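All figures in this text were calculated on a predicted structure; none of them were measured in a lab. Quick note on labels: first sequence line is chain A, next is B, and so on, each numbered from 1.
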Protein chains: 2
Amino acid sequence: MKASDTLKQLPHKTIERLSQYRRALLICLDNKKDHIFSHEIAKIQHITPVQVRRDLMLIGYSGTLRKGYNIQELIDLISDIIDSNRGINVAIIGMGNLGRALLNYFSGKRHKLSIVASFDINPDKIGKSVNKIPCYNITEMEKVIKRENIEIGIITVPASQSMITAKQLVDSGIKGILNYTPKPVEVPEGVYLEEYDMITTLEKVSFYVKMENERAADHVIQRKNQGTVASDF
Amino acid sequence: MKASDTLKQLPHKTIERLSQYRRALLICLDNKKDHIFSHEIAKIQHITPVQVRRDLMLIGYSGTLRKGYNIQELIDLISDIIDSNRGINVAIIGMGNLGRALLNYFSGKRHKLSIVASFDINPDKIGKSVNKIPCYNITEMEKVIKRENIEIGIITVPASQSMITAKQLVDSGIKGILNYTPKPVEVPEGVYLEEYDMITTLEKVSFYVKMENERAADHVIQRKNQGTVASDF
DNA sequence: GATTAATTGTTAAATTTATAACAATGCAAA
DNA sequence: TTTGCATTGTTATAAATTTAACAATTAATC
């Protein structure tokens, strides 16, 4: 089995963490250190050192005993694995606040992942540029996507438009879609889809805060009961 | 064991899906149907019907055989589970594009989860309102958080400020933090933290698109090789 | 009224993911 | 130089999550 085959079987969670390791390592580069221990990476990412070592084992990277991992080497290896050699072009559909936020956020962050176009229906936006990325009319989607060799589309239109937008993207030959609207879309086999709705994350935080509140309240009740029992003596 | 204890042990993934089910069900409410099958929910969420049924089993909800689940009942039950009775107040720290996007996105969406304040350091923003939510100076954070009984903070400041912001939130007595910056933060025990970096999701899509491209290229090579072999005869 | 097909609810099995255990190694201190 | 200790790499175990299997049941059809 080729090395590339092994990489194809990397656990999904490992892929996510590799992206996060690289991000953390890029920040570490500034700090004049050239090596980092598994427990240091782990601390940053709120996970265990074992998990870090196991992930690195899976991608075949070896550190130096009692010295840790070479930061630059590790960044390069992770980049080899998760980046595409020739680079991948991305478009954002919907230049509202979220679209602009993503555009600012990504601009120039990754060599191999470039946002090269945005789309909107608002005439005030069409024809202008944000961060040097031109905004096209949505009606030109297929033409631009093919011309610019765009493979990934990020959907940040209003929820009511998410499905039609996904269909347009698919019809334009897109390979992957990242949907930020709260309305799930459907894509045919062969198009990779990631749904990401921000309300779910907030509701999850809310749930665990609620749980913690209730747990704390229960403890108060228990202490009160104990107190009552004790005073009976 | 009390029913509430069972709920405390709901798998994390089930919590996330419950939030998503509710969102989907709320959309379905419009469509004049009053019942929905597990396979219909599953289709919307890109998961299997079994998973849906199993999640609903865990929260103790029973549907009607061959008729499905009552949409309104199910919405109400999920709300009972994931919402806090008395409601939870939320603040957004950082009124850039992302902060504004989240504010617009959430406004009025959930009864029990209200964004009640935002913070920034830009004098042009302080004192004004977006979607009727006032923007305060970050220096007033502790005062406002205590006065407004804010329990959750969403961090959308520039990455360089994420750590100091998290510390301020913790010092103000926050219970949960949702960090949207690419720089992980640290919080003490008892504060629930969810990191969400948008670049990880995009890089994951990118990785699987790359893999699919390589797989397709491999197939072409295989076909070519087969062709070559065949032509030898 | 009997039969068929579809759907739920639940237990069991499989898969995925995370953690623990520990041998091997080599740096640092004695 | 030797000893102790921290750290890696890896296998084994455990936990979490998903999927499968299937009995039970009821609505619709014949």
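- Using a 4.0 Å cut-off on heavy atoms, the residues of residues 69-83 of chain B that approach DNA chain C are B:Tyr69, listed by number.
- For DNA chain C, none of the residues of residues 198-209 of chain A falls under the heavy-atom distance limit of 4.0 Å.
- Nearest heavy atom pair, residue A:Thr181 against residue A:Val157, reads CG2-O, 3.2 Å.
- Separating the CD atom of A:Gln9 from the P atom of C:dT16 is a distance of 10 Å, rounded to the nearest angstrom.
- Note on B:Ser62: only backbone sugar-phosphate atoms sit closer than 4.0 angstrom, heavy atoms only; bases stay farther off.
- Salt-bridge check for A:Lys210 with B:Glu151: failed, with every basic side-chain N at 4.0 Å or more from each acidic carboxylate O.
- Within residues 45-57 of chain A, the residues that place at least one heavy atom under 4.0 Å from DNA chain D are, in residue-number order, A:Arg53, A:Arg54, A:Met57.
- With a cutoff of under 4.0 Å to any heavy atom of chain B, the contacted region of DNA chain D is bounded 5' to 3' by D:dT17 to D:dA27.
- Partners of A:Lys13 under the salt bridge (charged side-chain N to carboxylate O under 4.0 Å, His left out) rule, at least two apart in sequence or in another chain, do not exist in this structure.
- Pairs engaging residues 158-173 of chain A under the side-chain hydrogen bond (donor to acceptor under 3.5 Å, both in side chains) rule: A:Lys167-A:Asp171 [sequence neighbours left out].
- Partners of B:Leu77 under the side chain to side chain contact (heavy atoms under 4.5 Å, CB included) rule, at least two apart in sequence or in another chain, are B:Ile59, B:Tyr61, B:Ile81.
- A salt bridge links A:Lys204 with B:Glu194: the distance from a Lys NZ or Arg NE/NH1/NH2 to an Asp or Glu carboxylate oxygen falls below 4.0 Å.
- B:His39 is linked by a ring-ring contact (aromatic ring centres under 6.0 Å, His included) to B:Phe37, counting only residues two or more places apart in sequence or in another chain.
- With respect to the salt-bridge test (charged N to carboxylate O, under 4.0 angstrom), the residues A:Asp34 and A:Lys67 do not qualify.
- Under a 4.0 Å N-O distance rule, the pair A:Asp83/A:Arg22 qualifies as a salt bridge.
- Here the closest non-hydrogen pair linking B:Pro49 and B:Ala42 is N-CB, 3.5 Å.
- Within a 6.0 Å radius of CG in B:Asn31, other residues, nucleotides and ligands contribute more than 12 heavy atoms.
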Sub-3.5 Å pairs of nitrogen or oxygen atoms, protein against nucleotides 27-29 of chain C:
none

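- Salt-bridge annotation for A:Glu203 and B:Lys109: absent, with no side-chain N of the basic residue lying under 4.0 Å from a carboxylate O of the acidic one.
- For A:Phe119, the ring-ring contact (aromatic ring centres under 6.0 Å, His included) partners at least two apart in sequence or on another chain are A:Tyr136.
- In terms of modelled atom types and a separation under 3.5 Å, the side chain of A:His46 and the main chain of B:Val185 share a donor-acceptor contact.
- In terms of the ring-ring contact (aromatic ring centres under 6.0 Å, His included) criterion, residue partners of B:His12 (sequence neighbours excluded) are, by chain and number, A:Tyr208.
- We find that A:Arg215 and A:Glu212 are joined by a salt bridge, their nearest charged nitrogen and carboxylate oxygen being less than 4.0 Å apart.
- Side chains of A:Asp76 and A:Gln72: a donor-acceptor N/O pair is present below 3.5 angstrom, by distance only.
- Of the residues in residues 27-40 of chain B, B:Phe37, B:Ser38, B:His39 come within less than 4.0 Å of DNA chain C through at least one heavy atom, sorted by number.
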